[in-house]
Structures are given as structure tokens and as C-alpha cells.
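The next block holds one structure in the form of C-alpha cells; read it before the comments.
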Amino acid sequence: MASNVPLGGGLSSSASLEVAMYTFLQQICPDDGDLMEKALACQKAEHTFASMPCGIMDQFISVMGQKDHALLIDCRSLEVTPVPLNDPNLVVLITNSNVRHTLTGSEYPTRRMQCMEAAKVLGKESLRDVSMADLKAAEAHLDKEIYCRARHVISEIKRTTDAAGALKSRDYQEFGKLMVQSHNSLRGDYEVSCPELDELVAAAVDGQGVYGSRMTGGGFGGCTVTLLDSAAVEKTIQRIKDKYSGTATFYITKPSSGAHVLKL
């Protein structure tokens, strides 16, 4: 099995492996082709084999990715809404910090437990049901760190829906602004960034033709994702190389289909 998804880069390499293997097995033992069940089975493999209590996002995009579209995923209802991202003048630049990203035994399970703790104190099943006003009203009853974790999640949910609206209306300036806000929240409130990722984001947005940039994946290394004009790619890559203290690897990408069979 071959892949060009960098390992440990926060780009869902584990999910891509799970989904690719499932797709291969479907050719030997065909099933009913239910995409949702396929994604859930791959998530279960990660939970039980890799002992990583991941969400469903990585498996969903690996299964249900559509060419020229982003996906808005409702992780509770499991509803998937394709959002057009087909402007020929746009590029998604992925920059690998080459700081190795590992999740098992790391801070990811801790963040998950902290969010569950916040929801419990607020009397809700999930932070999905908590407004920012609810959180502020309960601030005195929450540990400061727990409060910050919840503030990130609640604000990120709103940013996600706002970002989908911005993409639909082709308001790339607004989308980029939301990307940077997201990174700042991941760095400050959720505390999953690292100096290398912060350097990459700062270097990426410090030039013309760049709409926004943020870390992606579980953090503590891995990659950033940047939305920019295709005409600005070369200068942006050079600027990042000049300003980044490490050695980055670059991937110029477009939204594409999820796992599928290639006929040889």
C-alpha cells in the first residue's frame, strides 16, 4: 500500500489508511456500500486498535470527500453538506512543519475530558448545547483552564458555520479572517499549537494574496493549511522558507474525491 499523505502531520494519515484498507476489502467482500457505516467502522478501528478516542471528521472526509468541495460535517447528526470550493484562482497550501505529530498518549484525550467536564458543570450533554452567554455566566464555577477549553470549542463551532457561509458566498477575505481567529484560539484557549506552527502561520499571512492560515490536525506539530490566490503561491512559499526556523515541506492542493478504486 502506498500513500503520499505525510505520516504524523495531522493530515489524517491514520484515517486514510483505514479507509483505503476498507475500500480494498470491499473489492474482495462487497458490502451494501453505505458510506456512513464505512466511516464509522474505520473510526471504531481507531478507537479499539489504536486506542485513540478520535471524532468522526477524519474518516468522514476520507470516505465522503468530493472534488471541488469542502465538507461541512455535523458530528452529532452525522449530516454532511458539500460546500463548493472550486474557484480556479484559489489554492490550498499545506505546509508541513516537520515537527512530528503524535496523538496516542498525548494531550488529545486530556482535551476531550476537559470539554466533557465543562459540559457536565454546565448541565449539558455536550458543549454543542452551550452558548457563549451560558459559559460566561458559569465562569465562576469552572477552573480557568476548563473555561478556556470550552470557550475555544463554543467559538469554534460558530466559526465553522460562519466559514461555510463565507465559502458559499465566495467571501474569501472573511473565510481567511476566520482561519486566523481559529488558529489564535487553538493557540491561546485550547493550547495545542507550538512555536513552529505559529511561525508558519505568521509567515504565511505576512504577504499579499493570502486570505488566511491556521494549524490543522491535533496540534503539537504537524501542518498548517493556508488559503491563497494561485498567483501568490511561489512568493508565499519563499517567504515561509525565509522566515521559518525549521525546514518545511509544501503541498499545493485542491479539494478532491475520497477513497476510490483505481482501475489498473
Side-chain angles (χ1 to χ4, degrees), residues 1-83 85-86 92-113 115 160 192 197 214-225 248-264:
M1 185 172 290
S3 173
N4 60 2
V5 179
L7 300 179
L11 296 179
S12 311
S13 58
S14 58
S16 68
L17 175 62
E18 293 151 9
V19 173
M21 178 57 72
Y22 193 113
T23 304
F24 167 72
L25 293 173
Q26 283 178 303
Q27 311 316 302
I28 302 171
C29 304
D31 59 7
D32 61 7
D34 187 308
L35 296 181
M36 187 178 296
E37 289 302 319
K38 180 177 181 177
L40 290 170
C42 292
Q43 181 196 33
K44 184 178 179 181
E46 188 131 355
H47 286 182
T48 57
F49 182 76
S51 299
M52 173 48 56
C54 65
I56 193 61
M57 180 177 68
D58 292 356
Q59 287 78 14
F60 259 40
I61 190 63
S62 293
V63 170
M64 302 182 188
Q66 294 185 24
K67 184 180 179 182
D68 294 332
H69 288 79
L71 288 189
L72 177 63
I73 302 171
D74 186 323
C75 296
R76 180 155 62 181
S77 70
L78 302 183
E79 179 184 2
V80 177
T81 306
V83 181
L85 184 54
N86 55 1
V92 178
L93 175 67
I94 295 170
T95 306
N96 191 346
S97 68
N98 288 309
V99 174
R100 189 60 188 267
H101 159 92
T102 55
L103 280 179
T104 300
S106 78
E107 294 287 329
Y108 180 91
T110 302
R111 296 297 185 280
R112 183 183 174 96
M113 288 188 291
C115 292
T160 301
V192 293
L197 292 174
R214 52 156 284 175
M215 57 160 280
T216 188
F220 306 106
C223 296
T224 61
V225 59
T249 307
F250 301 92
Y251 305 87
I252 299 169
T253 71
K254 293 277 190 179
S256 60
S257 301
H260 55 278
V261 176
L262 298 176
K263 301 294 185 183
L264 300 179

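- In this structure, NZ on Lys44 lies 10.5 Å from CD on Glu37, to the nearest 0.5 angstrom.
- Going from atom CD of Glu46 over to atom OG of Ser51 covers 10.0 Å, rounded to the nearest 0.5 Å.
- Shown here for Phe220 and Leu197, the closest heavy-atom pair between the two residues is N-CD1, 4.3 Å.
- Between the side chains of Ser12 and Asp58, at least one donor-acceptor pair of N or O atoms lies under 3.5 Å.
- Note that the CE atom of Met52 and the CZ atom of Arg112 stand 10.0 Å from one another [nearest 0.5 Å].
- Side-chain contact between Gln43 and Glu18 is absent, with no heavy atoms from C-beta onward closer than 4.5 Å.
- Ala259 pairs by the side-chain contact (heavy atoms from CB on, under 4.5 Å) definition with Val19, Thr23, not counting sequence neighbours.
- The shortest non-hydrogen separation linking Asn96 to Gly222 is OD1-O, 3.5 Å.
- Without hydrogens or angle criteria, His47 side chain to Ala45 main chain gives no donor-acceptor distance under 3.5 Å.
- Expressed to the nearest 0.5 Å, how far OG of Ser16 lies from CD1 of Ile61 amounts to 12.0 Å.
- The two residues Leu71 and Pro82 have their closest heavy-atom pair at CD2-CA, 3.9 Å.
- One N or O on the side chain of Thr253 and one on the backbone of Val92 form a donor-acceptor pair closer than 3.5 Å.
- Summarising the geometry, atom CE belonging to Met57 is positioned 7.0 Å from atom CD1 belonging to Ile73; distances are rounded to the nearest 0.5 Å.
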Please test Val225 against Arg214 for side chain to side chain contact (heavy atoms under 4.5 Å, CB included), starting from the C-alpha separation and ending with a verdict.
-> CA-CA 6 Å; Val225 59; Arg214 52 156 284 175; 4.0 Å; yes

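- Contact check for Val80 versus Leu35: no side-chain heavy atoms found under the 4.5 Å cut-off.
- Nearest heavy atom pair, residue Gly218 against residue Val192, reads O-CB, 3.7 Å.
- For the pairing with Thr216, the side-chain contact (heavy atoms from CB on, under 4.5 Å) check across Thr95, Thr224, Leu11 returns one residue only, Leu11.
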Carefully, step by step, assess Gln59 and Cys54 under the rule side chain to side chain contact (heavy atoms under 4.5 Å, CB included).
-> CA-CA 10 Å; Gln59 287 78 14; Cys54 65; 3.9 Å; yes

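- Across all non-hydrogen atoms, the minimal contact from His260 to Gly258 is ND1-O, 2.7 Å.
- The number of heavy atoms from other shown groups lying within 6.0 Å of CD1 (Ile28) is above 12.
- Note that NZ of Lys254 is 8.0 Å distant from CG of Leu85, once rounded to the nearest 0.5 Å.
- With sequence neighbours excluded, the residues satisfying side chain to side chain donor-acceptor pair (under 3.5 Å) with Gln26 are Asp31, Lys38.
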